[in-house]
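Below: one structure, written as structure tokens.
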Amino acid sequence: MLLVTGGAGFIGSNVVAALNDAGRADVAVCDVLGHDGKWRNLAKRQLADIVPPAELLPWLNGRKLDAIIHLGAISETTATDGDLVIETNFRLSMRLLDWCTANAVPFIYASSAATYGDGETGFGDDASLPALKKLRPMNLYGWSKHLFDLAVAERAAKAEELPPQWAGLKFFNVFGPNEYHKGTMMSVLARRFDDIRAGRVVQLFKSHRDGIADGDQRRDFIYVDDVVRVIQWLLATPSVSGLFNVGTGKARSFKDLIVSAYAALGSKPNIDYVDMPEQIRGSYQYFTEAEVDRLHRAGYNGGFTALEDAVAAYVKGYLDQPDRFR
């Protein structure tokens, strides 16, 4: 059996779908379904169990698993409850790490590009402990993820016992089907798609930095299918452990993202630029781009989908369909 924590969430439900597509029905999900319709992310799936997070550790007692894919977290970058975030994102992760170590179970977990903070020192994929200690996350979510990366890196540096395979994945700007429950944390494409399809104007931020055009703020946008392929590769390659960036390695603009959606629909772009709120101008990131050399050196050669192709797949396969769920 495989366990996917956060398996009803965005990336998690896509991982579960890929496992089902590969013929695995022995997949258990740990998640809170709640009242916001998140269950729809799993409505087409076959599962061995759905475990509430509060029952996870007793559920694990005496159980044999092929691997734990730990994607469950409080992922809102605006989260403010420090105690809850640390308990959920750090302390539970430590318990799962210890369980996988004690039971010799591979452990693949979600870190985040939010650990890099404002990106002033770049997005290098140096996973050494000294390099990690230089990072300064800007929000509680990023800090909670960074704390866990440090804990794992410390054990690795001291050659302390770890699971037979461990891999932390620093996801950059992931977009794709099943992100609809995330509210303001959805991708800009998902949030604005109904406006794009209806022909209404789509608003993007003006630039408040010299040398950068309006709408040319850039992110490393990566399609969720590419993220899932990396996870599948790790499951099939148990000799690989480490902390890896997961992005395309090519930053693209928000304007590129939205224009690609119009192109997928065969319509003319209708974009307006509005002032960025004063309160976020000082901390707004104008550029993120993953260095993915370590992932490639580890042997991953699955490639990444070009932005235009990824947007077209998302729009035509999901967003512009009566049923948007994978």
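A quick note: this is a predicted structure, and the numbers were derived from the prediction, not measured. Atoms considered below: every heavy atom in the structure, side chains included; atoms not considered: hydrogens, waters and symmetry mates.
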Just by distance, do the side chain of [X] and the backbone of [Y] share a donor-acceptor pair under 3.5 Å?
X	Y	answer
Lys170	Leu243	no
Asn14	Pro177	yes
Asp272	Gln203	no
Thr288	Asp220	yes
Asn89	Ala73	no
His146	Ala114	no
Asp49	Ala28	no
Glu289	Ala251	yes
Gln165	Ser239	no
Ser207	Ile212	yes

Q: Go through Asp194 and Arg197 one step at a time and tell me if the salt bridge (Lys or Arg N to Asp or Glu O under 4.0 Å) criterion holds.
A: CA-CA 5 Å; Asp194 288 339; Arg197 183 168 58 183; 3.4 Å; yes
Q: Considering only NZ, NE, NH1 and NH2 on the basic side and carboxylate oxygens on the acidic side, decide whether Arg40 and Asp323 come within less than 4.0 Å.
A: no
Q: Decide whether a cation-pi geometry holds between Arg191 and Phe175; the criteria are a distance under 6.0 Å from NZ or CZ to the six-membered ring centre and an angle within 45° of the ring axis.
A: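 No; the conditions do not both hold, so Arg191 does not lie above the ring face of Phe175.
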Q | Pi-cation contact, Phe10 with Lys182 (under 6.0 Å, within 45°) | A |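 Here Lys182 fails the 6.0 Å and 45° test against Phe10.
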Q) Just how far is it from atom CG of Asn245 to atom CZ of Arg294, taken to the nearest 0.5 Å? A) 9.0 Å
Q.
Grouping I, L, V, M, F, W and Y whenever their side-chain heavy atoms are under 4.5 Å apart, do Val16 and Val51 come out in a common cluster?
A.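 No, because Val16 and Val51 fall into different hydrophobic clusters, even though each may have its own neighbours under 4.5 Å.
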Q: Name all pairs fulfilling the salt bridge (charged side-chain N to carboxylate O under 4.0 Å, His left out) condition that reach into residues 115-139, sequence neighbours left out, sorted by first residue then second.
A: none
Q.
Between Arg63 and Asp26, does the salt bridge (Lys or Arg N to Asp or Glu O under 4.0 Å) criterion hold? Intermediate values first, please.
A. CA-CA 13 Å; Arg63 197 173 292 270; Asp26 57 340; over 6 Å; no
Would you say that more than 12 heavy atoms from the other residues, nucleotides or ligands in this model lie under 6.0 Å from the [atom1] of [X], or not?
X	atom1	answer
Gln46	CD	no
Lys255	NZ	no
Asn301	CG	no
Arg281	CZ	yes
Trp143	CH2	no

Q) Could you walk me through whether Tyr314 and Glu179 pass the side-chain hydrogen bond (donor to acceptor under 3.5 Å, both in side chains) check? A) CA-CA 11 Å; Tyr314 189 16; Glu179 61 174 316; 2.7 Å; yes
Q.
Can a side-chain donor-acceptor contact be found between Thr305 and Asp226 if the only test is distance below 3.5 angstrom?
A. yes
**Q.** Derivation of the side chain to side chain contact (heavy atoms under 4.5 Å, CB included) call for Val224 and Ile11
**A.** CA-CA 7 Å; Val224 70; Ile11 297 175; 4.3 Å; yes
Q. Hey, does Pro53 have a side-chain heavy atom less than 4.5 Å from the side chain of Cys30?
A. yes
Q: State yes or no: are the ring centers of Tyr273 and Phe205 separated by less than 6.0 Å?
A: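 Here the rings of Phe205 and Tyr273 have centres that are no less than 6.0 Å from each other.
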**Q.** Phe325 ring center near Tyr180 ring center (under 6.0 Å)
**A.**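 Distance test on ring centres: under 6.0 Å, yes.
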**Q.** Audit row: Val27, Val15, side chain to side chain contact (heavy atoms under 4.5 Å, CB included) steps and yes/no
**A.** CA-CA 10 Å; Val27 180; Val15 169; over 6 Å; no
Q | Residue from Arg209, Met276, His208 passing side chain to side chain contact (heavy atoms under 4.5 Å, CB included) with Gln217 | A |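 Passing option: Met276.
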**Q.** Contact list for residues 34-57, test ring-ring contact (aromatic ring centres under 6.0 Å, His included), sequence neighbours left out
**A.**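 As it turns out, there is no ring-ring contact (aromatic ring centres under 6.0 Å, His included) pair with a partner in residues 34-57 once direct neighbours are skipped.
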